[in-house]
Amino acid sequence: MTATAISLRGLSKHYDQVRAVDDLDLDIADGEFFSMLGPSGSGKTTVLRLIAGFEVPTAGTILLGEDDVTTRPPFARDVNTVFQDYAIFPHMSVLENVEYGLRVKKVGRSERRKRAEEALATVRLEAYAARRPHQLSGGQRQRVALARALVNRPKVLLLDEPLGALDLKLRREMQIELKQIQREVGITFVFVTHDQEEALTMSDRVAVFNEGRIEQLAAPVDLYERPASAFVAGFVGTFNLFQGEAARAVVGEAGSFVIRPEKVRLDAEAPTDVTGLCIAPGVVREVVYLGSTTSTVVALDAGPTVTVSHPNTDTSIDAALERRDQRVVLTWRRDHLVPLASSETAALPEEETA
Amino acid sequence: MPPMLWLGVAYLGALAALLITSLWTQNDFTGEIERAWTLENFQDLFRVDVYRTITFRTIGIAALVTVIDAVLAFPIALYMAKVASPRAQRLLVIAVLMPLWASYLVKAYAWRGMFSADGPIAWVAAPFGLHSPGYGLFATTVTLSYLWLPYMILPVYAGLERVPSSLFEASADLGAGSWHTLRRVVLPMAFPAFVAGSIFTFSLTMGDYIAVKIVGGTTQLLGNVVYDNQGAANNLPFAAAVATVPIVVMLGYLAAARRTGALEQL
């Protein structure tokens with residue numbers, strides 16, 4: 001077991017009647033890329049601000065390594081933050097921004113300059129040291145914010161939805177770059193996002209937040225393939241849920257089960273060998289072209305509607321379109337079904353409950 | 001275009017008339033204005049010691065009032081912009097604006113009462129064996145600082161409110177204590193707003209003569225010279241020449257302010 005960078009014990013933050021963070025226990029390992037994923041208002045940003053010291057917890061403790069920092073102000077904690085709006089000082093040059101933390105700590109001039117230039121090189125902004133923030137693009141400002149935090153070599157770097165304001169292409173590039181930078185510098189990253197793809201792409205582990213609590217904490221693969229609840233299954237990717245009557249009819253057991261759309265086969269007729277398979281006949285209701293994949297919505301004879309997803313290996317979807325209103329048979333491996341601990345109907349996220 | 005024309009006639013026209021008048025002279029016997037071009041008024045302004053003294057005194061008081069107002073306004077504006085709840089913020093804005101609803105004369109006379117020989121300041125000073133400083137430069141500075149304070153608070157408040165709070169958090173996050181954040185982030189970011197406010201406090205002081213008359217004792221500022229020459233002496237050309245001094249000083253001040261980018265804050 002590696003050393004712990006951050007331990008949260010019984011951490012709570014209440015605003016009047018709202019429990020933004022509710023009795024949270026969490027350990028983040030040294031050098032980990034840790035993501036906190038959840039819808040807005042789920043408490044993930046509040047946890048980040050509690051770790052940074054911008055908020056004072058209602059109850060509980062925050063340990064940074066061995067140090068209890070619960071009551072320490074932000075400037076006395078060995079963490080740095082990349083803000084959602086970057087919070088670049090507009091009256092300073094890029095270099096002055098990056099040097100700010102070192103200047104505060106009274107690091108000598110030449111040492112300061114050297115480290116700031118290194119940090120700018122890490123984010124590939126060497127050529128922009130003399131620029132003013134208003135002369136930079138959104139992506140460049142984001143890098144300045146990153147360099148300004150990294151230059152202090154904090155124990156933990158906190159990132160509050162840093163890619164939210166960038167366009168999709170740039171966001172994808174930065175995801176990969178952030179991961180690379182994290183591996184290079186070896187600092188623990190705590191990353192807050194509401195974008196499930198972002199969390200899955202970059203993280204070693206992801207905590208899914210819902211109403212101030214952690215719904216599930218797991219590696220990306222486990223989170224996607226073994227969601228612990230309908231909420232997680234719905235928030236991380238698209239899913240098909242069978243419960244109650246439908247579960248008995250389709251799966252042949254009582255309980256709640258989840259199957260991912262890409263795990264389902266769609267054929268005109270049932271296969272001959274059915275060992276270890278679930279088989280469900282139905283009618284195609286809708287065919288949706290999504291570029292790299294095509295989604296097909298099938299109304300099962302047993303009642304529920306199932307979304308099936310397939311990669312577009314061909315350049316035409318005519319074949320798929322022809323199946324509209326046709327009878328089909330869906331099959332999937334029984335061991336791909338994920339049984340949920342309890343039949344939760346209440347905690348479904350708003351969207352993507354296919 | 002018509003609005004600009006209106007401004008040209010009503011505003012610049014009046015100023016032009018003033019400047020032209022200042023280049024005329026007055027017949028000492030008849031008191032009649034003689035429309036002969038001369039620089040005599042401006043020469044007097046620089047040659048006669050008392051006018052030179054009054055000019056520098058006026059600029060000095062204007063600068064002092066500006067500094068006092070800036071120092072007083074900053075903590076109030078910072079509290080209003082970044083600490084107070086939205087409700088308290090609204091109440092404070094009203095509280096700052098409220099003195100502006102009262103008549104200028106009432107406020108000036110209120111300070112006359114404060115500084116009078118048996119006024120509140122005298123009561124407070126008496127146990128320490130002191131007196132009220134009485135009417136003069138000190139009372140004038142205090143009264144003018146009081147009168148123009150809202151004109152400094154409001155721009156500084158507006159300027160600070162536009163600074164995102166995340167900048168303060170970022171400064172703290174990077175290890176800076178409150179003092180460092182104040183000096184390196186808050187003050188530099190608020191500086192243009194201070195300059196904007198100072199344009200009001202400075203120019204209003206440069207032109208004032210009523211408060212000086214009420215609490216200034218025998219002290220004179222440029223405004224009084226203008227007033228006395230118009231009224232008692234009826235020397236309109238010389239009054240006009242004196243009146244151009246604050247205008248020139250303010251033009252210089254505005255040119256300097258422009259370079260700080262403060263005029264975009266108005």
Side-chain angles (χ1 to χ4, degrees), chain A residues 45 48-49 51-55 69 72-93 96-107 112 116 119 132-134 141 144-162 165, chain B residues 70 73-74 77-79 81-89 155-198 256-266:
Chain A
T45 297
L48 197 80
R49 292 178 59 83
I51 298 173
F54 303 134
E55 310 275 349
V69 299
R72 276 199 220 159
F75 55 81
R77 300 184 184 204
D78 194 10
V79 298
N80 285 116
T81 308
V82 175
F83 290 82
Q84 193 169 10
D85 64 355
Y86 313 145
I88 308 282
F89 303 124
H91 59 293
M92 299 180 195
S93 71
E96 285 168 335
N97 262 284
V98 176
E99 283 186 333
Y100 188 86
L102 302 177
R103 185 186 286 266
V104 170
K105 291 186 196 78
K106 303 211 160 48
V107 174
R112 201 165 72 203
R132 291 267 146 188
H134 67 86
R141 266 181 238 179
V144 174
L146 193 61
R148 187 178 67 176
L150 284 174
V151 77
N152 304 292
R153 297 173 189 155
K155 195 172 282 165
V156 176
L157 187 72
L158 307 170
L159 302 103
D160 185 9
E161 308 217 15
Chain B
F74 180 62
L78 186 61
Y79 182 83
K82 291 295 164 196
V83 185
S85 67
R87 191 184 137 79
Q89 202 174 36
V156 174
Y157 158 67
L160 284 173
E161 225 205 353
R162 260 181 283 175
V163 178
S165 299
S166 63
L167 291 185
F168 303 165
E169 289 183 350
S171 177
D173 187 69
L174 292 165
S178 318
W179 176 245
H180 197 101
T181 301
L182 207 64
R183 208 160 54 92
R184 296 267 179 210
V185 179
V186 184
L187 283 177
M189 297 227 50
F191 182 71
F194 277 112
V195 175
S198 77
R258 218 177 87 113
R259 307 192 60 173
T260 68
L263 299 188
E264 282 119 59
Q265 297 257 340
L266 283 175

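Because the structure is predicted, anything quoted here is derived from the model rather than measured. In what follows, every chain begins at residue 1, and chains take the letters A, B, ... in the order their sequences are listed.
- Considering every non-hydrogen atom in both B:D173 and A:A52, the closest pair reads OD1-CB, 4.4 Å.
- A:R148 touches chain B through backbone and side chain together, each having a heavy atom under 4.5 Å away.
- One finds the CG atom of B:L174 at 6.5 Å from the NZ atom of A:K105 (value rounded to the nearest 0.5 Å).
- Contact check for A:V104 versus B:S171: no side-chain heavy atoms found under the 4.5 Å cut-off.
- Minimum interatomic distance between B:S166 and A:D85 (heavy atoms only, all atoms of both residues): OG-OD2, 2.8 Å.
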As a quick check of understanding, evaluate side-chain contact (heavy atoms from CB on, under 4.5 Å) for A:Y100 and B:R184, giving each step before the final call. CA-CA 9 Å; A:Y100 188 86; B:R184 296 267 179 210; 3.8 Å; yes
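- Note: A:F75 CZ to B:H180 NE2 = 12.0 Å, rounded to the nearest 0.5 Å.
- With a threshold of 4.5 angstrom between heavy atoms, B:S165 does not approach chain A through any atom at all.
- Residue A:L158 does not touch chain B at all, counting heavy-atom pairs closer than 4.5 Å.
- At a 4.5 Å heavy-atom cutoff, the contact between A:N80 and chain B is made by backbone and side-chain atoms alike.
- Within the 4.5 angstrom heavy-atom criterion, only side-chain atoms of A:F54, from C-beta onward, approach chain B.
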